[in-house]
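In listed order, ligands and their atoms are each counted from 1. All values derive from a computational prediction rather than experimental measurement. Numbering starts at 1 and runs along the sequence shown.
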Amino acid sequence: MAANNRTPMIAGNWKMHMTAKEAADLAAAMRAGLDPDLKHEVLLAPTFTALHAVNAVLGGSRIFLSSQDVAWEEKGAFTGAVSPSQIKDAGCTHAIIGHSERRKVFLETDEVVNKKMKAAIKANIVPVLCIGETLEERESQKTYRVLETQLTGAFAGITAEEAAKVVIAYEPVWAIGTGKTATPDQAQDAHVFVRKQMERIYGKGYADAVRILYGGSVKADNIDELMAQGDIDGALVGGESLKADKFLRVIHFQAVLSK
Ligand code: PGA
């Protein structure tokens, strides 16, 4: 029996893959393969140009639609950016914010992440906030410091009430796309630390309720042991979410809950 009331969430991050048609086909396969009695939340995050097509396929289903990023301004001269109301218009209820690829490749700082969090919350979009340390940071014992800094920065100026719906994804950068998953113990340790930080920022009630997903080489064959950890509330899945059969297995994980 679960000792907490956190609804598991499994999210697929499709990154810069697939045409609109291919994404819609994969979304249709996910919809068709979903156990109708499943109580988890399922989230798909296609690339911007596929949002409308995927939304059309998901209409009336229990699968939520997410963007992979969102701008912090509502409109104006921001060439290449997509605003909260625009992703909403495309059917999104969620937005991934601060993914390590945005931080590393597009040089997003904690300040930018914070602005995006605020803009999403204001538009009633649920942020899926990504945090995580690099291999170098882990090896030099800086993991906790990095997580603390990223969390403090991301939530700066956001009230507990505003932060209520936020979902956090702990994604160690060294585990993303590398096939090197964190061990269930490593992930659990980091999740406990993240939860403690959230208690420091917003108090115990918030910390007990906030969902913390794990991301980084989550696969059909490692999801069960990850989900058996007491503080892992779901997964943010990249590569494995591009294959319908594998991702459906991830979604229908069979954790023997020790929670
Ligand atoms: P991966 O990606 O599952 O391919 O490691 C996870 C992510 O980047 O969200």
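Residue contacts with ligand 1: G177 is placed with a nitrogen or oxygen under 3.5 Å of a nitrogen or oxygen of the ligand (distance criterion only). Considering backbone and side-chain N/O atoms, G215 never comes within less than 3.5 Å of an N/O atom of ligand 1. Inclusion of S217 in the set of residues having an N or O under 3.5 Å from an N or O of ligand 1 is warranted. Looking at K15 next to ligand 1, an N or O pair under 3.5 Å apart turns up.
Considering all non-hydrogen atoms of both residues, E73 and P84 come closest at O-CD, 3.6 Å.
Proximity to G216 (heavy-atom distance under 4.0 Å) selects the following atoms of ligand 1: 5 (O). In summary, the atoms of ligand 1 found under 4.0 Å from a heavy atom of E171, numbered by their order in the structure, are 6 (C), 7 (C), 8 (O), 9 (O). Close approach to A175 involves these atoms of ligand 1, each under 4.0 Å from a residue heavy atom: 5 (O). Taking every non-hydrogen atom of H99 and a distance limit under 4.0 Å, the qualifying atoms of ligand 1 come out as 7 (C), 8 (O), 9 (O). Heavy-atom proximity to G239, at under 4.0 Å, picks out these atoms of ligand 1: 1 (P), 3 (O), 4 (O).
Under a cut-off of 6.0 angstrom, the local environment of NZ in K243 is crowded, with over 12 non-hydrogen atoms contributed by other residues, nucleotides or ligands. Heavy atoms of other residues, nucleotides or ligands lying less than 6.0 angstrom from CZ of R145 number 12 at most. When the shell of 6.0 Å around CD of E111 is examined, it contains 12 or fewer heavy atoms from other residues, nucleotides or ligands.
In this structure, Y202 has its ring center closer than 6.0 angstrom to the ring center of F155.
Only the side chain of N13 comes within 4.0 Å of ligand 1, judged by heavy-atom distances.
Ranking the protein heavy atoms by distance from atom 3 (O) of ligand 1 puts G238 N, 2.8 Å first.
Salt-bridge check for R195 with D233: passed, with a basic side-chain N closer than 4.0 Å to an acidic carboxylate O. A salt bridge links D69 with K116: at least one charged nitrogen is closer than 4.0 Å to a carboxylate oxygen. Ion pair D245/R249 not flagged as a salt bridge, since none of the NZ, NE, NH1 or NH2 atoms sits closer than 4.0 Å to an Asp/Glu carboxylate oxygen.
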